[in-house]
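Just below is one structure, and these are the notes that go with it.
Quick caveat: nothing in here was measured; it's all calculated off a predicted structure. Just the heavy atoms: all of them, side chains too, but no hydrogens, waters or symmetry mates, feed the values below. Every chain is numbered from 1 and lettered A, B, ... according to where its sequence line falls, protein lines coming before strand lines.
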Number of protein chains: 2
Amino acid sequence: MKRAITSDAAAHERVIAIGALAARTGVKVETIRYYEQVGLLPAPERSEGNQRRYGRRHLERLAFIRHARDLGFPVETLRGLLALADRPDMPCDEAHRIAARQLADVRRKIAHLRALEAELDRIAQSCLGGAPVRDCAVIEALAKEQRADSVPLGKRDAGSAC
Amino acid sequence: MKRAITSDAAAHERVIAIGALAARTGVKVETIRYYEQVGLLPAPERSEGNQRRYGRRHLERLAFIRHARDLGFPVETLRGLLALADRPDMPCDEAHRIAARQLADVRRKIAHLRALEAELDRIAQSCLGGAPVRDCAVIEALAKEQRADSVPLGKRDAGSAC
DNA sequence: CTTGAACCTCTAGTCACTAGAGGTCGTATC
DNA sequence: GATACGACCTCTAGTGACTAGAGGTTCAAG
Ligand SMILES: [Zn+2]
Ligand SMILES: [Zn+2]
Ligand SMILES: [Zn+2]
Ligand SMILES: [Zn+2]
């Protein structure tokens, strides 16, 4: 019995393993499996030994997912976008609405971060260092209550990763 | 036997329950308990019936925490900041370094979001809507691969909450 | 045929909370 | 003093979007 897929056939039919798909899209192997698990990427065929074998369609869909995620679309939203992309005859207005919402979201975030930037800058300027902590305006500024741009705790994200 | 704490005594000695502390600081009750659990806020005394009783020190410390969190300092960093605030004789340079790092972080985030904003704006402009999905430039733009500002997956945050 | 990288599944951990179940406490009113 | 009822307690699990690891199997080259 011949193996279902040889490397030669793979090259011809563009059937690739998960590692190759990862390399081509820049999405980690674990993340690809995760996308399959949550239903973003359809489950591919398997080799006789139960390994995933991807085709061109998967590559394209994963590139789509990656790009949309890079742009900050949340996975839930992506689901709608993907469903839409699968129906070429539908009008595209919904896609525009989704993109506009995302843009508005990004702008809100920018506005918020700019407020933080201003306050942090002010705080950082308020003491030049070298003082004992008890006299430091930075520490004092943090200790002071504020009522300005406070946002309900838990829905914020400003200081973690980029 | 008299109760350890009456409401009258509470008013005089400024000993308050967790709900009152939450109301005064704008931090939710659950979050306060969480801060205690992770060691940000020291465990307060308890009433005879095992309920938390907070004093002025807790109020101040929680306000500090809240403000720093609002400014996006991650909890880990906050730990350092609080340790510092507890040592009034130390020089404050470390506090400045922490604040500067946070400011730089916020600025990096802003830069990143501005790049996203530009691309999203370009995409949103590229099709005015009303077309079938197959011809929509928005969908097409998302499907196209990109090599520009891509960031390792999982360390990004652009589209979720504010 | 043997090696070893790549693959598989499953579970748990991340961050900073948030929500809920199921039970106890405190106090105001009767 | 009994009763009501909100506030409080602990503990566990869930969120988003992955990431990391254990422990085992498969593939393809030499
Ligand atoms: Zn200083
Ligand atoms: Zn502030
Ligand atoms: Zn369109
Ligand atoms: Zn792009």
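Whole-Å rounding puts the B:L21 CG to D:dA7 P distance at 15 Å. Atoms CZ (B:F73) and P (C:dA16) sit 13 Å apart, rounded to a whole Å. Per the geometry, CG belonging to A:D105 stands 15 Å off P belonging to D:dG16, to the nearest Å. In this structure, B:L62 atom CG and C:dA16 atom P are separated by 16 Å, rounded to whole Å. The nearest whole Å value for the distance from the CG atom in A:L78 to the P atom in D:dA17 is 9 Å. Put simply, CD on A:E36 is 15 Å from P on D:dC18, counting in whole angstrom units. The separation between A:R79 atom CZ and D:dG16 atom P is 10 Å, rounded to whole Å.
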Query raised in the report: Please walk me through it: do A:L78 and A:R69 pass side chain to side chain contact (heavy atoms under 4.5 Å, CB included)?
Result: CA-CA 8 Å; A:L78 229 111; A:R69 288 290 303 124; 3.8 Å; yes
Requested in this report: List the steps and the verdict of salt bridge (Lys or Arg N to Asp or Glu O under 4.0 Å) for A:R122 and A:E119.
Outcome: CA-CA 5 Å; A:R122 183 177 64 67; A:E119 184 167 6; 3.6 Å; yes
Requested in this report: List the steps, then state whether salt bridge (Lys or Arg N to Asp or Glu O under 4.0 Å) holds for A:R97 with A:E94.
Outcome: CA-CA 5 Å; A:R97 235 169 287 133; A:E94 176 62 8; 2.4 Å; yes
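Out of D:dT19, D:dC27, C:dA19, the shortest distance to the side chain of B:E30 is found at C:dA19. Considering only side-chain atoms of B:Y34, the nucleotide from C:dA16, D:dA20, D:dA17 that sits closest is C:dA16.
When each of A:K109, A:R107, A:Q102 is tested with B:E117 by the rule side-chain hydrogen bond (donor to acceptor under 3.5 Å, both in side chains), just one qualifies, namely A:R107.
B:E36 and B:H58 are not linked by any side-chain donor-acceptor pair at a separation below 3.5 angstrom, with hydrogens and angles left out of the test.
A residue-by-residue look at B:A20 and A:L40 shows that B:A20 has its nearest nucleotide of DNA chain D further toward the 5' end.
Between the side chain of A:R24 and the backbone N or O of A:L59, no donor-acceptor pair lies under 3.5 Å. Judged purely by atom type and a 3.5 angstrom limit, A:H96 has no side-chain atom pairing as donor or acceptor with the backbone of B:G130.
Contact check, A:Y35 against D:dC18: a side-chain N or O comes under 4.0 Å of OP1 or OP2. Using a 4.0 Å cut-off, some side-chain N or O of A:T31 falls inside it from OP1 or OP2 of D:dT19. Contact between the side-chain N/O atoms of B:S47 and the OP1/OP2 oxygens of C:dC25 is not found at any separation under 4.0 Å.
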Requested in this report: Give the B/S/- string for nucleotides 9-14 of chain D, one per nucleotide from 5' to 3', where a protein heavy atom under 4.0 Å of the base yields B, of only the sugar-phosphate yields S, and otherwise -.
Outcome: SB----
